[in-house]
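No experiment lies behind these values; they were computed from the predicted model shown. Letters go in sequence order (proteins before strands), and every chain restarts at 1.
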There are 2 protein chains.
Amino acid sequence: MINFPFNCPFELTLELIGGKWKGLILWHLHDKKVLRNGEMLRLIPRITQKMLTQQLREMEENGLIRRVIYEQVPPKVEYSLTPHGEAIRPILEMMIDWGVEYARDKNIVIACTQEKD
Amino acid sequence: MINFPFNCPFELTLELIGGKWKGLILWHLHDKKVLRNGEMLRLIPRITQKMLTQQLREMEENGLIRRVIYEQVPPKVEYSLTPHGEAIRPILEMMIDWGVEYARDKNIVIACTQEKD
DNA sequence: ATATATAGTTACCTTTTGGTATGTACAGTA
DNA sequence: TACTGTACATACCAAAAGGTAACTATATAT
């Protein structure tokens with residue numbers, strides 16, 4: 001999995017949460033604790049199934065989230081945060097706070113359907 | 001400059017500090033306060049001139065850093081942080097802390113020549 | 001037999017990002 | 001006259017990331 005030559009721990013962290021949708025997915029998981037595939041698709045309207053699966057798989061492989069499969073038909077799969085995923089929370093919060101402040105100062109509009117809490 | 005449809009303030013922040021070398025550049029600027037082009041090349045051995053200029057220009061355009069040109073020959077240009085750039089510091093610190101902790105847990109080696117302080 | 005619901009996969013394409021190598025400008029110095 | 005130091009720019013290429021559209025599987029309900 002992870003085996004690049006990182007110049008700095010910052011790069012490692014960026015590698016793990018830098019995907020286009022990862023912040024949003026993690027944020028919803030912090031909020032709801034447990035989410036299913038379809039629920040995430042509804043919470044993140046513009047994401048596609050492919051991107052959702054892709055980002056979830058990467059975060060699972062990196063040990064940020066947990067994937068639990070129930071052997072049922074139709075299938076049921078639940079996603080939740082691991083301790084490493086939980087520990088990301090303050091970073092997300094600070095990035096959101098900084099972004100809000102910056103956007104206010106620069107008059108940038110964010111098409112944001114979610115709130116911080 | 002910034003005019004994408006962001007899904008979340010997190011994405012905006014990521015857009016501004018997500019470049020391959022931006023964290024490292026910002027970190028050195030936090031440390032040294034003022035840096036010249038050549039000094040940064042020496043501090044970040046694996047970066048190329050092109051990438052350094054590119055990342056600096058983007059951050060300048062986004063208002064994270066300041067570029068001061070002295071009309072001399074040979075040229076002298078100094079880079080420093082703006083208030084928005086300064087405000088990024090706690091995010092960098094948390095990302096570094098989280099990355100260090102994660103790397104320890106997963107036995108990932110980071111070829112890191114810099115220290116946190 | 002057909003449709004439903006859920007959670008995917010796959011092939012293909014476009015855009016973005018990062019990297020290599022080389023060229024520019026210009027006053028001062030040997 | 002050629003070389004140095006500083007801070008770039010530019011053309012070109014390769015790799016990574018992201019996106020679109022269509023296809024899959026299976027028990028149950030109609």
Side-chain angles (χ1 to χ4, degrees), chain A residues 1-8 10-12 14-25 28-29 34-62 65-80, chain B residues 1-8 10-12 14-25 28-29 34-62 65-80:
Chain A
M1 45 193 291
I2 306 283
N3 59 346
F4 308 99
F6 294 103
N7 297 304
C8 158
F10 171 84
E11 274 186 43
L12 171 60
L14 198 58
E15 170 80 18
L16 301 186
I17 65 171
K20 172 114 183 248
W21 304 98
K22 288 183 181 174
L24 218 38
I25 293 170
H28 285 298
L29 282 172
V34 176
L35 282 171
R36 298 179 61 182
N37 181 79
E39 294 178 299
M40 293 198 228
L41 286 176
R42 265 167 260 129
L43 286 167
I44 309 173
R46 297 200 268 186
I47 202 172
T48 60
Q49 175 66 65
K50 182 203 152 189
M51 285 311 295
L52 178 58
T53 306
Q54 191 174 299
Q55 306 276 291
L56 287 170
R57 287 296 183 286
E58 287 176 17
M59 291 195 286
E60 189 197 356
E61 201 181 339
N62 295 332
I65 63 177
R66 199 179 292 121
R67 179 161 173 264
V68 178
I69 305 162
Y70 295 83
E71 291 297 346
Q72 304 178 357
V73 171
K76 176 177 173 181
V77 177
E78 284 184 347
Y79 296 93
S80 57
Chain B
M1 45 192 292
I2 305 282
N3 60 346
F4 307 98
F6 294 102
N7 297 304
C8 159
F10 171 84
E11 275 185 43
L12 171 60
L14 198 58
E15 171 79 19
L16 301 185
I17 65 171
K20 171 116 184 244
W21 304 96
K22 288 182 180 173
L24 218 38
I25 293 170
H28 285 298
L29 281 172
V34 176
L35 282 172
R36 297 179 60 184
N37 180 80
E39 295 178 300
M40 292 199 230
L41 286 176
R42 264 166 261 127
L43 285 168
I44 309 174
R46 298 200 267 186
I47 202 172
T48 62
Q49 176 64 66
K50 183 204 152 190
M51 285 311 295
L52 178 59
T53 306
Q54 190 174 301
Q55 306 276 289
L56 286 170
R57 286 297 183 286
E58 288 176 14
M59 291 195 287
E60 188 197 357
E61 201 182 336
N62 296 332
I65 64 177
R66 198 181 293 118
R67 179 160 174 265
V68 178
I69 305 162
Y70 296 84
E71 292 297 345
Q72 304 179 356
V73 172
K76 175 176 173 183
V77 178
E78 282 184 348
Y79 297 93
S80 56

Under 4.0 Å protein heavy-atom contacts per nucleotide of nucleotides 2-20 of chain D, with B for base, S for backbone only and - for none:
---BBSBSBB------SBB
Would you mind reporting whether B:Trp21 and B:Leu52 have side-chain heavy atoms less than 4.5 Å apart?
no
Do B:Leu16 and B:Asn62 have side-chain heavy atoms sitting under 4.5 Å apart?
yes
When you list every nucleotide of DNA chain C with an atom under 4.0 Å from a heavy atom of chain B, which one comes first 5' to 3', and which comes last?
C:dG18 to C:dA27
Is any side-chain N of the basic residue among A:Lys22 and A:Glu58 closer than 4.0 Å to the acidic one's carboxylate O?
yes
Using the salt bridge (charged side-chain N to carboxylate O under 4.0 Å, His left out) criterion, which residues pair with B:Glu39? Sequence neighbours excluded.
none
Check ion pair A:Arg66-A:Glu78 (N to O, under 4.0 angstrom)
no
Does the side chain of B:Val34 reach to within under 4.5 Å of the side chain of B:Tyr79, using non-hydrogen atoms?
no
Is any side-chain heavy atom of A:Arg57 closer than 4.5 Å to one of A:Glu60?
yes
